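Okay, so here's the structure we're looking at.
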Amino acid sequence: MKTLDEFDGLLPNEEACKRLLTDLRWPHGVICPRCQNTRVYELKARPFHWVCKSGKQTRDEDGKPVTCAKNGGYRFSVITRTIFQDTKIPLKTWFRVAYLMLTAKKGISALQVHRVIFGEDSTHDYRTSWFMCMRLRAAMRGDVLPLEGEVEVDETYIGGRDKNRHWDKRVGISGGSAKAGVIGAISRKGNVVCKALEEEGFDTFENFVRQTVSTKVKLVATDEHPNYRHLRQFGYPHEKVVHSKKQYVVGSTHTQTIESFWSLIKRGIIGNYHHVSRDYLPLYLNEFSFRFNNRKNPEMFEALLQTV
C-alpha cells in the first residue's frame with residue numbers, strides 16, 4: 001500500500017482521479033456500460049464523457065428494453081453505473097476516504113472519517129461520511145473462489161448479550177441473544193470468505209462449505225459442531241478438533257487461523273465501531289475480508305477501484 005505522500009502525489013487533482021478511474025475501469029478502451037459497445041465517441045466539450053449510438057437492444061437501469069441509438073445516443077461518464085454515480089462530492093475526496101479505510105487494519109469509523117476529511121466546521125455532516133463509507137464497503141467484494149489447499153471453516157457470533165441491550169431493544173425471551181451468526185472459511189496463507197447468517201438450518205453450514213471450498217482441498221478443518229458432520233459424504237477430507245474436550249490442535253488440524261480473523265473483526269467492532277447492526281453486518285464483513293485478502297497487495301487501492 002502506498003504512503004500518504006505517494007497517494008497524494010499520484011492523485012493531485014480531480015482530473016488525475018478521473019483518469020485513473022478510466023484506466024482501471026476500461027483498460028482496453030472505453031466501452032458503453034449499458035450495451036458493452038466498443039464504438040463510443042468522446043465528447044470534446046465535456047472531458048470524461050462519451051456517447052454511444054449502438055442500435056443493439058439492451059436494458060436500462062430499471063430493466064426496461066432500450067437501445068442506445070435513441071434520443072441522440074446514450075451519454076455516460078466515467079462514474080456512470082459506479083458507486084460514485086450522481087455524487088456531488090469530488091472523486092479526490094472519495095479516494096481519500098477509501099485510502100483511510102484500506103490502511104486501517106481494524107477499520108475506521110465514519111465519525112473519524114468526518115473529522116479527518118471534512119473537519120468539524122464542514123457543511124457536510126456525519127451522514128455524508130457514513131454514506132460514503134457504506135458505499136465503499138458495498139464495493140469491497142471479489143472473493144477468490146473456490147478455496148484450495150488447507151482450509152479452516154468456523155462459525156462465530158458477533159454482538160452482545162440481550163440483558164446488556166437498552167430496555168426497549170431487548171428480545172425479551174429467556175436466554176435471548178443480540179448476537180448475529182457469521183460463518184467463514186479461510187485458506188491457510190490465502191484468502192478468507194465469510195457471510196452473515198440469517199438463520200441456521202440443518203444444512204446451512206454444509207451448503208456454505210460446498211459453495212466456497214473446492215473438493216480438491218488437502219484438508220477441511222472444523223470444530224465439533226454437528227452441522228459439519230456430513231462433509232465427508234460430499235468428498236471433503238474433513239477433520240475436526242473437539243474444543244469441549246480442551247482439544248485445539250491435532251497434527252495439522254486446527255481452526256486457529258480463522259479464529260484470529262474473527263478476533264480481528266471483533267476488536268475492530270469494539271474499538272472503532274462499538275456497534276454494528278444485523279442489517280449492515282454483511283457490509284462490514286466485506287470490508288474486513290477485502291482488506292485481509294489484499295493484505296500483501298501493493299495495489300490494494302487500485303483493486304478496490306476495479307470493483308466499484
Side-chain angles (χ1 to χ4, degrees), residues 1 24 27 102 105 137-158 180-266 281-300 302-307:
M1 192 69 176
L24 292 173
L102 293 177
K105 183 177 181 180
R137 290 184 181 111
M140 291 181 185
R141 58 186 185 276
D143 299 324
V144 180
L145 299 175
L147 299 177
E148 298 181 345
E150 295 181 340
V151 176
E152 300 172 21
V153 183
D154 191 33
E155 71 290 336
T156 191
Y157 297 89
I158 295 176
V182 178
I183 187 171
I186 190 169
S187 177
R188 291 173 184 169
K189 299 183 179 180
N191 293 327
V192 65
V193 179
C194 59
K195 63 177 292 187
L197 297 174
E198 296 182 1
E199 58 182 5
E200 293 184 26
F202 179 77
D203 55 358
T204 301
F205 292 5
E206 293 173 352
N207 288 340
F208 173 80
V209 174
R210 296 175 67 183
Q211 292 168 4
T212 58
V213 181
S214 169
T215 55
K216 298 180 181 179
V217 293
K218 298 178 182 178
L219 171 70
V220 174
T222 72
D223 57 19
E224 72 273 28
H225 198 291
N227 283 3
Y228 297 119
R229 63 182 177 273
H230 297 307
L231 289 181
R232 282 192 172 273
Q233 298 180 15
F234 296 113
Y236 292 102
H238 176 217
E239 299 293 341
K240 64 181 180 181
V241 287
V242 184
H243 291 163
S244 60
K245 296 182 178 180
K246 308 297 182 182
Q247 188 181 76
Y248 299 101
V249 180
V250 179
S252 61
T253 304
H254 62 80
T255 58
Q256 294 178 357
T257 313
I258 186 69
E259 287 170 1
S260 68
F261 179 71
W262 296 146
S263 177
L264 186 67
I265 292 179
K266 292 178 180 180
L281 179 59
L283 298 182
Y284 287 91
L285 296 178
N286 275 6
E287 177 188 358
F288 279 92
S289 297
F290 183 88
R291 201 160 43 226
F292 182 88
N293 292 342
N294 287 277
R295 63 195 182 280
K296 297 180 181 179
N297 182 5
E299 306 297 331
M300 185 193 303
E302 289 79 358
L304 172 58
L305 291 188
Q306 289 176 322
T307 69

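Note that the structure is predicted; figures quoted are calculated from it, not measured. Side-chain atoms are counted along with the backbone in the values below, which use heavy atoms only and exclude waters and symmetry mates.
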_Tell me whether the count of non-hydrogen atoms from other residues, nucleotides or ligands lying under 6.0 Å of CD in Glu198 goes above 12._
no
*asked:* For a quick test of reading the model, state the closest non-hydrogen atom pair linking Phe202 to His230 and the distance between them.
replied: CZ-NE2, 4.0 Å
*So Asn227 and Glu206, side chain to side chain contact (heavy atoms under 4.5 Å, CB included) or not? Walk me through it.*
CA-CA 7 Å; Asn227 283 3; Glu206 293 173 352; 5.7 Å; no
*Would you check if Thr257 and Glu150 make a side-chain contact, meaning some heavy-atom pair closer than 4.5 Å?*
no
*Give, for atom SG of Cys194 and atom CZ of Phe208, the distance between the pair rounded to the nearest 0.5 Å.*
7.0 Å
*So do Leu147 and Asn191 actually touch side chain to side chain, heavy atoms under 4.5 Å?*
yes
*Where do Thr253 and Ala221 come nearest, in terms of heavy atoms and distance?*
CG2-CB, 4.0 Å
*Do the rings of Phe205 and His225 sit parallel, tilted or perpendicular, given the 30° and 60° boundaries?*
tilted
*asked:* Using the salt bridge (Lys or Arg N to Asp or Glu O under 4.0 Å) criterion, which residues pair with Glu224? Sequence neighbours excluded.
replied: none
*Lys218 versus Ser252, side-chain donor and acceptor atoms under 3.5 Å*: no
*Measuring from Leu285:CG to Ile183:CD1, what's the distance to the nearest 0.5 Å?*
12.0 Å
*Closest approach of Ala196 to Leu281 (non-hydrogen atoms, all atoms of both residues)*: CB-CD2, 4.1 Å
_Keeping Tyr228 on the side-chain end and Lys240 on the backbone end, is there a donor-acceptor pair under 3.5 Å?_
no
*asked:* I'd like to check Asn293 versus Val192 (side-chain heavy atoms, cut-off strictly below 4.5 Å). Are they in contact?
replied: yes
*asked:* For a quick test of reading the model, state the closest non-hydrogen atom pair linking Asn297 to Glu299 and the distance between them.
replied: OD1-N, 2.9 Å
*Inter-residue atom distance Ile186.CD1 - Phe261.CZ, 0.5 Å rounding*: 7.0 Å
*asked:* Between Glu148 and Lys216 (salt bridge meaning N to carboxylate O under 4.0 Å), is one present in this structure?
replied: no
*What distance do Asn207 atom CG and Thr212 atom OG1 have between them, rounded to the nearest 0.5 Å?*
10.5 Å
*So, Asn286 side chain and Ala139 main chain: donor-acceptor pair closer than 3.5 Å or not?*
no
*May I ask you to test the His254-Glu239 pair for a side-chain heavy-atom distance under 4.5 Å?*
no
*If you measure from CG on Asn294 to CD on Glu302, what distance do you get to the nearest 0.5 Å?*
10.5 Å
*Is Arg141 reaching over with its side chain to a backbone N or O of Thr307, donor-acceptor style, under 3.5 angstrom?*
yes
*Taking atom CZ of Arg210 as the centre, report whether more than 12 heavy atoms of other residues, nucleotides or ligands fall under 6.0 Å from it.*
no
*For side chain to side chain contact (heavy atoms under 4.5 Å, CB included), just list the numbers for Tyr236 and Thr215, CA-CA rounded to whole Å, side-chain angles, deciding distance to a tenth of an Å, and then say yes or no.*
CA-CA 6 Å; Tyr236 292 102; Thr215 55; 3.9 Å; yes
*Kindly indicate whether the side chain of Trp262, heavy atoms from C-beta on, has any atom under 4.5 Å from the side chain of Ile158.*
no
*Does the side chain to side chain contact (heavy atoms under 4.5 Å, CB included) test come out yes or no for Phe288 and Met140, once each step is laid out?*
CA-CA 9 Å; Phe288 279 92; Met140 291 181 185; over 6 Å; no
*For Thr204 and Glu200, test the side chains for any donor-to-acceptor distance below 3.5 angstrom and give the result as yes or no.*
no
*Picking from Glu155, Glu152, His238, what satisfies side-chain hydrogen bond (donor to acceptor under 3.5 Å, both in side chains) with Thr222?*
His238
_CA sep, side-chain torsions, deciding dist, call: Thr255, His243, side chain to side chain contact (heavy atoms under 4.5 Å, CB included)_ = CA-CA 10 Å; Thr255 58; His243 291 163; 3.6 Å; yes
*Between atom CG of Leu219 and atom CZ of Arg188, what is the distance when rounded to the nearest 0.5 Å?*
5.5 Å
*Sequence neighbours excluded, which residues qualify as salt bridge (Lys or Arg N to Asp or Glu O under 4.0 Å) partners of Arg291?*
Glu287
